[in-house]
Amino acid sequence: MPELPEVEVFRREFAARGLGKMIEGVHLIAPRSLRGATGEALRAALEGDRFAGVARHGKILFARTARGPTLVIHFGMTGALRFCAAGQAAPKGALLGLTFAGGPLCAVVSQRRLGWLELTDDRLAYLRERGIGPDALSLSARDFAERIGAGRGSLKTALMDQSKIAGIGNVYSDEILFRAGLAPRSKGRDLSREGLEALHRTLRAVLEGAVGILASGAELPPDWLARHREAGAACPRCGRPLRRERIGGRSAYSCPRCQRGGAG
DNA sequence: CATCCTGTTGAGGA
DNA sequence: TTCCTCAACAGGAT
């Protein structure tokens, strides 16, 4: 379930366990998941080098080698980063397995193979070329208001638009709007300046809170909407039935009673 | 057997 | 221009 908080946890684990060690083996298990490069090029870019840094932008992970090339990882809907003991077989659904000298096996897993891998020499150029917006946690309140405040479409869709803000998906967009008390179909341009500032604060609180919780190894608490995304579930705040509706082709969960803001 | 799904992309239309 | 829906991508859960 990788949105910004999950990918940030992957980044931290990669930073702790994947940096500075010689990359001994590069096993491209799902060749079709590598875009714009051949398996040989991937091996040439990584093997024998070491990772010198790892960055996250939105839901994308960038692992930079000391020599320069950067491995770009998109996790798709069900992807994850897994570190296994050396010598262990790559987990089921692995796209790529990396073995480090004297260290663990790092596997990029995407069970439904909706994740993918790329190589780039320039992370910022990569983001620019693809039109990815600023990361949700490095966005100023002013920038947030400019990008969201004029929107004529639903707030939920706007929050999930990676060209506006990078990192938020279906689950956390619902969570942010729930915490903000805004209906998912309400529109950015119907919010006041204060409303936009409050929504931005809520966005930060939800994402930073989730990172802290997930990084500690815990799951999101039961008073989060994310724990109740299923038919017949009750609102964790007021106990009334949650609403499920289709917005932008995705299932949106909300509480009709607690989320009456935004004229939605 | 049918339906649903946390992401992304492109087509087509209002 | 902007925004919407749909289909496709693949495989597993229900």
Side-chain angles (χ1 to χ4, degrees), chain A residues 1-11 29-36 56-62 72-82 90-96 107-118 120 126-127 129-133 135-136 146-178 184-190 203 206-207 209-211 213-214 219-220 224-233 242-254 264:
Chain A
M1 30 171 169
E3 297 180 31
L4 185 154
E6 289 81 15
V7 178
E8 175 59 21
V9 174
F10 298 153
R11 188 197 67 78
I29 297 154
R32 287 184 58 189
S33 67
L34 178 60
R35 297 186 179 176
R56 178 194 58 71
H57 186 103
K59 310 170 187 174
I60 309 172
L61 211 57
F62 295 89
V72 185
I73 305 172
H74 292 254
F75 291 97
M77 277 214 262
T78 57
L81 212 55
R82 291 251 177 79
K92 191 178 178 200
L95 306 180
L96 173 70
V108 178
V109 174
S110 180
Q111 210 164 45
R112 278 149 64 185
R113 298 196 180 175
L114 291 172
W116 70 92
L117 310 165
E118 291 179 88
T120 183
Y126 178 94
L127 293 167
E129 284 159 15
R130 282 160 186 74
I132 310 281
D135 183 78
E146 277 175 9
R147 286 167 176 272
I148 296 297
R152 288 185 285 153
S154 72
L155 265 183
K156 177 176 174 64
T157 302
L159 290 174
M160 288 196 298
D161 184 341
Q162 302 302 296
S163 71
K164 290 187 168 72
I165 302 176
I168 299 167
N170 203 15
V171 168
Y172 287 97
S173 60
D174 279 357
E175 194 71 48
I176 290 162
L177 292 170
F178 174 68
R185 284 194 199 276
S186 56
K187 301 176 191 340
R189 72 165 171 188
D190 290 337
L203 175 155
V206 166
L207 297 179
V211 168
I213 292 162
L214 297 178
E219 55 182 335
L220 298 177
W224 285 49
L225 181 67
R227 290 284 301 275
H228 307 274
R229 300 174 59 83
E230 56 193 34
L242 291 176
R243 167 195 287 155
R244 184 190 149 195
E245 61 195 315
R246 209 94 187 142
I247 301 179
R250 321 304 302 278
S251 283
Y253 288 85
S254 62

- Message: List the residues meeting salt bridge (charged side-chain N to carboxylate O under 4.0 Å, His left out) with A/Arg130, not counting sequence neighbours, and say none if there are none.
- Response: A/Glu118
- Item | Residues that A/Ser173 engages under side chain to side chain donor-acceptor pair (under 3.5 Å), provided they are two or more places apart | A/Lys156
- Task: May I have the distance from A/Ile247 (atom CD1) to B/dC5 (atom P), rounded to whole angstrom?
- Result: 13 Å
- Message: Can you list everything that forms a ring pair (Phe, Tyr, Trp, His ring centres under 6.0 Å) with A/Phe10? Sequence neighbours excluded, please.
- Response: A/Phe75
- Task: For A/Glu6 and B/dG7, give me the distance from atom CD to atom C1', rounded to whole Å.
- Result: 13 Å
- Message: Say we look at C/dA7 and B/dT3: how far apart would their P atoms be, to the nearest angstrom?
- Response: 13 Å
Identify all pairs in which a protein N or O lies below 3.5 Å from an N or O of nucleotides 8-10 of chain B, and state each distance.
from: B/dT8; atom 1: OP2; to: A/Lys59; atom 2: NZ; distance (Å): 2.9

- Message: Between A/Asp161 and A/Arg147, does any side-chain N to carboxylate O distance fall below 4.0 Å?
- Response: no
- ring pair (Phe, Tyr, Trp, His ring centres under 6.0 Å) filter on A/His74, not counting sequence neighbours, yields A/Trp116
- Query: Contact boundaries of DNA chain C with chain A (under 4.0 Å, heavy atoms), 5' to 3'?
  - Reply: C/dT2 to C/dG12
- A/Ser251 versus A/Arg244, side-chain donor and acceptor atoms under 3.5 Å: yes
- Task: Mind checking which stems touch DNA chain B? I mean at least 3 consecutive Watson-Crick or G-U pairs, both distances under 3.5 Å.
- Result: B:2-5 with C:11-14, B:7-14 with C:2-9
- Task: Tell me what A/Arg112 touches on the nucleic acid: a base, only sugar-phosphate, or nothing, going by heavy atoms under 4.0 Å.
- Result: base
- Round to the nearest Å and state the distance from A/His57 atom NE2 to B/dG7 atom C1'. 16 Å
- Item | For A/Ser154, side chain to side chain donor-acceptor pair (under 3.5 Å) partners two or more places apart | A/Thr157
- Item | Short side-chain N/O contact to B/dC5 OP1/OP2 from A/Thr78, under 4.0 Å | no
- Message: Between P on B/dG7 and OH on A/Tyr172, what's the gap in Å once rounded to a whole number?
- Response: 11 Å
- With sequence neighbours left out, what residues match A/Glu245 under side chain to side chain donor-acceptor pair (under 3.5 Å)? A/Arg185
- How would you label the contact of A/Gly248 with the nucleic acid (heavy atoms, under 4.0 Å): base, sugar-phosphate, or nothing? sugar-phosphate
- Task: Tell me, please, which residues at least two apart from A/Arg250 pass salt bridge (charged side-chain N to carboxylate O under 4.0 Å, His left out).
- Result: none
- Looking at residues at least two apart in the chain, or sitting in another chain, which of them share a salt bridge (charged side-chain N to carboxylate O under 4.0 Å, His left out) with A/Lys59? none
- Task: With sequence neighbours left out, write down each residue that passes salt bridge (charged side-chain N to carboxylate O under 4.0 Å, His left out) with A/Arg11, or none if nothing qualifies.
- Result: A/Glu8
